[in-house]
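Below is one structure, written out as structure tokens, with a few remarks after it.
First listed ligand is number 1; within each ligand, the first listed atom is number 1.
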Amino acid sequence: MSSPIITPVSDPNLSGIVRLEDVLQQMADHKGCGTTSGDSGKASCGSSAGPADMSPETWEKVKNHPCYSEEAHHHYARMHVAVAPACNIQCNYCNRKYDCANESRPGVVSEKLTPEQAAKKVIAVASTIPQMTVLGIAGPGDPLANPEKTFKTFELISKTAPDIKLCLSTNGLTLPDHVDTIESFNVDHVTITINMVDPDVGAKIYPWIYYKNKRYKGREAAEILSQRQLEGLEMLTSRGILTKINSVMIPGINDQHLLEVNRAVKSRGAFLHNIMPLISAPEHGTVFGLNGQRGPSAQELKALQDNCEEGQMNMMRHCRQCRADAVGLLGEDRSAEFTTESVMAMEVEYDLESRQAYQAVVEQERQAKSDAKKAEMATLEGAESDIKILVAVATKGSGRVNEHFGHATEFQIYEASTSGAKFVGHRRVDLYCQGGYGEEEALENSVIKAINDCTAVFVAKIGGCPKAELEAAGIDAVDKYAFEYIDQSVIAYFRDYLENVRNGSVVFGQRGDAQIRQGAYVAA
Ligand code: CLF
Ligand code: SF4
């Protein structure tokens, strides 16, 4: 195993402007010292606490992490830096031409960076996007198969941008070797991709692993991988490091088995479970893509997530399977604004005070949204019904209905019931509006198929033609909540819907299934 190159900053309560060049100079002057594991002072997060029942210390860690808090993902952004090219295992849903499919969907390739380039990019992005609160390393291979680059990057960033949370995603094979280092860098958030706890299932997902200078295949490979993943998980949670589990749902291979995985990770203290759909198409050139392995439908995915949630596990449903150089809010991709060439040409400084001032405004907006939701919920008080409906929402962030129908590249999906509004997923779609024209094919083959299980779609604006076609497909296109808060609007719509069902002007019926997009997403 490798040790960190330089002592990390344990709690650098820096303020004002920090220059990356100064940090690099300090590091160049430093003659090396060992790992300082130290006492992190972190509290144990428990296994499945929600925001309402977690300790204030844990909430402090998750409240502005867009992946660990669904509510935060409307307001706060993350960025990834692609510093980790190598991998030590092979997954049947991965083609090394693309990013690590444990965190990314196939079809996009990231520009690889050195740790110094990555650190400069982080500061450039943080200066442009003050609500960027988390830096994750998620590929394009496995971060812990590239430990020097990964930890050097963390070291640089913890010194120049001390308020940015550090995050890591790994396949777990070498995780137990690096837990001390992870802790010493104050990395509070680690994701492990665990697709199985049964090596017979694992043998269908992983053809080989490379471990301690030896290649293992089949069941033996899966057995070693599983044992290392669970050992790493236990080590992390025993130190209070919030650990999220990603699992790829592969129908016919591990879909039923993921309930057992869910129980296994919950009992070992995982904080959150993120079950993602397999994204698989022949053009991705993966084993699964080439042999026709399908991904789950929207209803299959939701049913499994609901089942796991019934077992009292926190489920993540807002994952966008983002690329290894993703930048921005989940669901938007601003990576093209920050190419290596443009970032290297920038004069960047890290202004912590401006970032904090901006984030204070975000918190005010968050509070106003929460108050509005509570007030709307009060109007549902005493309502009794088993009816649940899904609503698709076009949004570009801030928790508001603020995107035009034709400009939406994804819809957020909310379940409305007498319990309120609950985020249950998202669907990527082809753009309907192409250069000022409505694209009929996109409407029929992409948007309607993606939100076919929804009763309504909320938009900031929509034209007469798509509105009529959506209505013909049984989907109510609603623009009366334009620029309002999403949760409040979903609750208000549901209250009126229930009333209409009661007075007979609307007949409630179950909607059909919907499709999860399999192709690569191309940002508009
Ligand atoms: Fe990145 Fe992953 Fe950290 Fe988030 S992503 S390393 S935990 S900061 Fe988030 Fe992206 Fe899903 Fe990952 S939406 S793919 S879960
Ligand atoms: Fe690909 Fe990631 Fe699996 Fe490695 S861990 S084979 S990069 S999907």
For [X], counting its heavy atoms only, list the atoms of ligand 1 lying under 4.0 Å from any of them.
X	value
L330	13 (S)
R320	11 (Fe), 13 (S)
K244	7 (S), 15 (S)
C322	5 (S), 10 (Fe), 13 (S), 14 (S)
C167	3 (Fe), 6 (S), 7 (S), 8 (S)
V134	8 (S)

Identify the protein heavy atom lying closest to [atom], giving its residue, its atom name and the separation to 0.1 Å.
atom	value
atom 2 (Fe) of ligand 2	C100 SG, 2.2 Å
atom 3 (Fe) of ligand 2	C91 SG, 2.3 Å
atom 5 (S) of ligand 2	N102 ND2, 3.1 Å
atom 8 (S) of ligand 2	A101 N, 3.2 Å

State the CD-CE distance between Q305 and M276, to the nearest 0.5 angstrom.
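One gets 11.0 Å once the value is rounded to the nearest 0.5 Å.
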Say you draw a straight line from CD1 of I250 to CG of L278; how long is it, rounded to the nearest 0.5 Å?
5.5 Å
Numbered in order shown, the ligand 2 atoms found under 4.0 Å of a heavy atom of N171 are 5 (S)
Looking at C94, which atoms of ligand 2 are within less than 4.0 Å of one of its heavy atoms?
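Listed by number with element, the hits are 1 (Fe), 6 (S), 7 (S), 8 (S).
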Strictly under 4.0 Å, does any heavy atom of I89 approach an atom of ligand 2?
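Distance cut 4.0 Å: I89 passes for ligand 2.
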K422 atom NZ, over 12 foreign heavy atoms within 6.0 Å:
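More than 12 within 6.0 Å, yes.
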N, O or S atom of C319 closer to atom 10 (Fe) of ligand 1 than 2.8 Å
no
List the atom of M249, the atom of P296, and the distance in Å for their closest heavy-atom pair.
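In this case the closest contact between M249 and P296 is O-CD, 3.6 Å.
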Over all heavy atoms of both residues, which pair between N88 and A145 is shortest? Give the atoms and the distance, please.
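Minimum heavy-atom contact is ND2-CB, 3.7 Å.
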Given K302, which of I275, L390, I413 fulfils the side chain to side chain contact (heavy atoms under 4.5 Å, CB included) condition?
L390
Should the pair F151 and F185 be assigned to parallel (<30°), tilted (30 to 60°) or perpendicular (>60°) ring geometry?
parallel
Parallel, tilted or perpendicular, judged at 30° and 60°: which one describes the rings of F423 and H318?
perpendicular
If we count only N and O atoms by modelled type, under 3.5 Å, do the side chains of [X] and [Y] hold a donor and an acceptor together?
X	Y	answer
S55	T58	yes
Y68	N314	no
Y210	R215	no

Which segment of C87 sits under 4.0 Å of ligand 2 when only heavy atoms are counted
side chain
Proximity to ligand 2 by part of D142, non-hydrogen separation under 4.0 Å:
neither
Give the single entry among H73, H80, R78 that approaches atom 1 (Fe) of ligand 1 most closely by any heavy atom.
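Heavy atom nearest to atom 1 (Fe) of ligand 1 belongs to H80.
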side-chain contact (heavy atoms from CB on, under 4.5 Å), that's the test. Do L173 and L144 meet it? Break it down for me.
CA-CA 8 Å; L173 181 61; L144 297 182; over 6 Å; no
Within-shell test, M276 vs ligand 1, heavy atom, strictly < 4.0 Å
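Outside the 4.0 Å threshold, so no.
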Taking a cutoff of less than 4.0 Å between a non-hydrogen atom of the residue and any ligand atom, is H189 in contact with ligand 1?
no
